[in-house]
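Heads up: the structure comes next, in structure tokens.
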Amino acid sequence: MREDPARKGEPEYSVVVPFFNESENLPQLLREIDSALQALGRSAEILLVNDGSTDRFARPPTSPRYPVRWLDLTCRSGQSAAIYYGIQAAAGRWIILLDADLQNDPADLPALLGRLQEEKLDLVTGFRQRRQDSWQRRWMSWVANRVRARLLADQTRDSGCSLKIIRSELARRLPGWNGMHRFIPALARGMGYRTGEQPVHHRPRHAGQSKVRPWRRALAATIDLLGMIWLVRRQFRGRLRGPEAD
């Protein structure tokens, strides 16, 4: 990945963490992110995007080695909104996304980066091989992934995995709408970017409660899928050539 001289001094990676009521998980998450970023050996920043949390914490947690930026949405707006605004505020050449519930393992980041570099990708998504969720949630996700893959041809087995590394140019082109985060690989491929997957760990929730309501989510995802069939086919595939084009 060739460095753009015009962006010298900016961090290589921006870690964007959307969260709602995850105060018990954030300190441990930051320690794990800190360790993973050290393994990558590049400059980085961490963005914690607070999606209208109502729980209390003494003060924003910090990282021992990397700057932490704290972003607050004016009201609870959903995971897609938190991801969108985090991406827009990020300064890094590459955007790392992961959830705050500690089910994603930051230690998987070097493997994702290796796949990204080996295959010269613009986006790599984690593929959760052994999901630590209820059977109901796993079954609904299995059905949704197969229907989505068949209709959108995004060549992604686990689009819902939050652990991703994305080229910043691509990340900033993602549209801002509720549900967008479930379709990032399809949106990327529709714009002509190269995507891939990497097997990752999935852990039981450490603390707090899941914010996902499976049946409500299934209905919303079905409605979104209909719009995505149109949107994926209508996106611009061309983009300006530049230092990052190769």
Side-chain angles (χ1 to χ4, degrees), residues 13-37 44-92 95-109 126 128 131-138 140-141 160-164 166 171 174 176-182 184 200-221 224:
Y13 304 111
S14 292
V15 183
V16 175
V17 183
F19 73 92
F20 172 75
N21 288 354
E22 298 286 3
S23 60
E24 295 178 80
N25 292 323
L26 288 177
Q28 179 176 335
L29 177 64
L30 278 196
R31 289 192 294 271
E32 293 187 6
I33 292 175
D34 190 90
S35 178
L37 290 176
E45 63 173 356
I46 302 169
L47 291 83
L48 302 177
V49 189
N50 179 13
D51 182 26
S53 294
T54 57
D55 59 348
R56 296 184 178 183
F57 33 81
R59 61 185 177 85
T62 58
S63 166
R65 296 172 180 82
Y66 300 94
V68 176
R69 298 165 60 192
W70 187 273
L71 307 178
D72 290 287
L73 301 190
T74 56
C75 62
R76 189 178 181 190
S77 303
Q79 186 173 358
S80 289
I83 288 173
Y84 176 85
Y85 287 115
I87 286 172
Q88 299 307 312
I95 310 295
I96 297 171
L97 300 179
L98 75 161
D99 279 344
D101 56 14
L102 290 175
Q103 290 194 268
N104 295 145
D105 188 349
D108 285 318
L109 288 177
R128 298 166 290 185
R131 289 190 60 173
Q132 302 298 311
D133 290 320
S134 67
W135 71 268
Q136 181 188 45
R137 189 168 173 183
R138 293 198 309 270
M140 294 187 70
S141 179
C161 181
S162 297
L163 189 56
K164 295 177 172 68
I166 313 174
L174 294 173
W177 52 274
N178 289 328
M180 169 271 291
H181 69 279
R182 302 188 192 102
I184 290 177
V200 297
H201 299 95
H202 192 244
R203 306 180 291 191
R205 171 174 272 277
H206 174 71
Q209 297 181 343
S210 173
K211 315 307 185 295
V212 175
R213 299 296 177 264
W215 294 106
R216 183 184 301 177
R217 178 177 178 177
L219 176 60
D224 292 342

- Task: Check each of Leu97, Leu98, Val200 against Cys161 using the side chain to side chain contact (heavy atoms under 4.5 Å, CB included) test, and report the only one that passes.
- Result: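 When side chain to side chain contact (heavy atoms under 4.5 Å, CB included) is applied between Cys161 and each of Leu97, Leu98, Val200, only Val200 qualifies.
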- Task: Could you tell me which residues satisfy side chain to side chain donor-acceptor pair (under 3.5 Å) with Asp72, sequence neighbours excluded, listed by chain and number?
- Result: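 If we apply the side chain to side chain donor-acceptor pair (under 3.5 Å) test to Asp72, skipping adjacent residues, the hits are Asn50, Trp70.
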- Message: Checking Asp108 now: which residues fulfil salt bridge (charged side-chain N to carboxylate O under 4.0 Å, His left out) with it, not counting sequence neighbours?
- Response: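 Asp108: no salt bridge (charged side-chain N to carboxylate O under 4.0 Å, His left out) contacts found.
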- Query: Residues two or more places apart in sequence or in another chain: which of them pass salt bridge (charged side-chain N to carboxylate O under 4.0 Å, His left out) with Arg31?
  - Reply: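 Not a single residue meets the salt bridge (charged side-chain N to carboxylate O under 4.0 Å, His left out) criterion with Arg31.
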Looking only at heavy atoms, what is the nearest atom pair of [X] and [Y], with distance?
X     : Y      : value
Ser77 : Asp51  : N-OD1, 2.6 Å
Leu29 : Asp99  : CD2-O, 4.0 Å
Ile95 : Ala171 : CG1-CB, 3.9 Å

Does [X] reach the main-chain N or O of [Y] with its side chain, forming a donor-acceptor pair under 3.5 Å?
X      : Y      : result
Ser14  : Gly92  : yes
Ser80  : Gly179 : yes
Arg69  : Ala89  : yes
Arg203 : Asn104 : yes
Gln79  : His181 : no

